[in-house]
Amino acid sequence: MSPLASSILLFAASVVGAIGVAMALPRRGVSPQLLGVLVAALGLGGIFIALGVRSPGALPNINFYLFSVIALGSALRVISHPRPVYAALYFILTILASSGLYVLLSAEFMAFALVIVYAGAILITYLFVLMLATETPTADQVEALSDYDRYSREPLAATITGFVLVAALTTMIGAGTAKMKPVAGGESQALLAQLPRKVEKALVESKAIDPSRGDRLARNHVTGAYFIRMSGNRVVGVDIEYGQGQRLTLTPESDKWPKSLGIENVEGVGFSLLANHPGGIEVAGVVLLMAMLGAVVLARKKVEMDEQAKLAAQSRALVDERSMSALRATPRVAGSHAEHSNGNGTVHRIAEGVGR
Amino acid sequence: MLDTLTLAQASAPAPMQTGTLHHYLVVSALLFVIGLIGFVSRRNLIIMFLCTELMFQAAGIALIAFSRFWLNHTGETFVIFVLTIAAAEAALALALVVLLFRRKESLDGAKWSEMRG
């Protein structure tokens, strides 16, 4: 299929996705959330088909589809769920799925850091604040699901704007990636020249050298540099010293060459972070310290309650008082009846909340 | 198809196809836009901040995908800094949200649309 047809398919699928997202957002009147999620999933499927048609030779791993569907689906639930706590939990699901995507991109360190830092620390802070800052329900309510959680603001306009941005972004991404050429090699082995101990250990494991006989990686006795020979980004040979200072050059063609000699993700990230960006770490430390101090100072500050909020709190307390005294004043038999109807109302409200 | 899973141990990682990169970038764009729609349309202050975190996530996926495509680790390093900033932002923003809640007993963003003290 021509690129034009596949981009038309992409735009059509984006429009279907937009309709789905708009339907899934909570609003006044009818809000067919489940149907909206299904339509959005259909649109996502269309987008993936359009992408696959455009580049049939470069389909990603099957796990990519799994993780991205989970990530995008739970992201949709984050923005459409009326209960903030559930939205935060769905956000954790998004984090877990995108850490799966990181693993597929062979960024294991970042995947685990993401789970620990985001799902483990940041989201717990969010959950604490959500529980700290909820409106207290009055005595005749089981829970307060406030108006601002139940109805979103201008869902249609927001979705249209968002998906115009999607159309622009996908067009730009398609045009940009078409010009790029796949890169081979990279810095995968470039760092080995700075890791002689790792090279030596790999050589011992592949039985190329035997430390018990005094074999070792050869080094220049004046400068202390190891003889790890590089050509561009690839290691093309190492010098081994054995016996009475005799030398031998081992090349990748040799059958004793360790096959798995390469830089692992953590080593690469470590070098990049500490050798290339040490200033960034210092700045990050200062930023975190300032944020901590700022949060402490802000949270300790005494604030006056707003006049309107005071009035609202007073009227809430009045409602509480009234319903409590009504409960106390009613005789036993009538009281059980009242409780029954109250219980009915409770069940009804819970069912309504779950349905959304 | 499973070659991307064994890359970490391979001495020379396989080059990533541009089509594969395209897939990851489109997912990142979709996640970003979902976060944006949420930020504009939700009215709860905390959910609005959660949506900014969604957008951070989208940027992270794009950075890591490019880092894999160019086979260097600068993108991953940048994501570490993004995580740091996200943590700092969450701490400060949530402290501010608690202050705002104490003042108006409500998390409605629209209640703060008039900027009177």
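Chain identifiers are assigned alphabetically (A, B, ...) following the order of the sequence lines, protein sequences preceding nucleic acid strands; residue numbering begins at 1 within each chain. All heavy atoms count here, side chains included; hydrogens, waters and symmetry mates do not.
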Inset, instruction - Would you confirm whether A:Arg153, through its side chain, and B:Val40, through its main-chain N or O, come within 3.5 Å as a donor-acceptor pair? - result: yes
Inset, instruction - Please confirm whether the backbone N or O of A:Ala58 pairs with a side-chain atom of B:Thr20, one donor and one acceptor, at under 3.5 Å? - result: yes
Measuring heavy-atom distances to chain B, does [X] have an atom under 4.5 Å in its side chain, in its backbone, in both, or in neither?
X: A:Leu132; answer: both
X: A:Leu72; answer: both
X: A:Ala312; answer: neither
X: A:Thr161; answer: neither
X: A:Ser152; answer: both
X: A:Met110; answer: side chain
X: A:Phe109; answer: side chain
X: A:Tyr126; answer: both
X: A:Leu289; answer: neither
X: A:Thr94; answer: side chain
X: A:Tyr118; answer: side chain
X: A:Val21; answer: side chain

Legend entry - Distance (rounded to the nearest 0.5 Å) between B:Ser41 OG and A:Ile79 CD1: 5.5 Å
Contact part of [X] toward chain A, heavy-atom cut-off under 4.5 Å: side chain, backbone, both or neither?
X: B:Leu36; value: side chain
X: B:Ile85; value: side chain
X: B:Ser67; value: neither

If you look at every heavy atom in [X] and [Y], which pair is closest and at what distance?
X: A:Pro182; Y: B:Pro15; result: CB-CB, 4.1 Å
X: B:Thr18; Y: A:Lys181; result: CG2-N, 4.5 Å
X: A:Val287; Y: B:Ala88; result: CG1-CB, 3.8 Å
X: A:Ile122; Y: B:Ala90; result: CG2-CB, 3.8 Å
X: B:Phe69; Y: A:Val183; result: O-CB, 3.6 Å
X: A:Leu288; Y: B:Ala87; result: CD2-CB, 4.4 Å

Inset, instruction - Using a cut-off of 6.0 Å, state whether more than 12 heavy atoms not belonging to A:Leu156 lie near its atom CG. - result: no
Under 4.5 Å, counting heavy-atom pairs only, tell me which of [options] racks up the most with chain B.
options: A:Met292, A:Lys310, A:Glu304, A:Lys301; value: A:Glu304
options: A:Ser68, A:Ala107, A:Pro26; value: A:Ala107
options: A:Ile173, A:Leu10, A:Leu169; value: A:Ile173
options: A:Ser14, A:Ala284, A:Ala121, A:Gly294; value: A:Ala284
options: A:Leu114, A:Val117, A:Leu101, A:Thr125; value: A:Leu114
options: A:Val269, A:Ile95, A:Thr170; value: A:Val269

Legend entry - Any side-chain heavy-atom pair of B:Val26 and A:Leu51 under 4.5 Å: yes
Legend entry - Partner residues of B:Arg102 under the salt bridge (Lys or Arg N to Asp or Glu O under 4.0 Å) criterion, sequence neighbours left out: none
Inset, instruction - Kindly state whether the ring of B:Tyr24 and the ring of A:Phe64 have centres lying under 6.0 angstrom apart. - result: yes
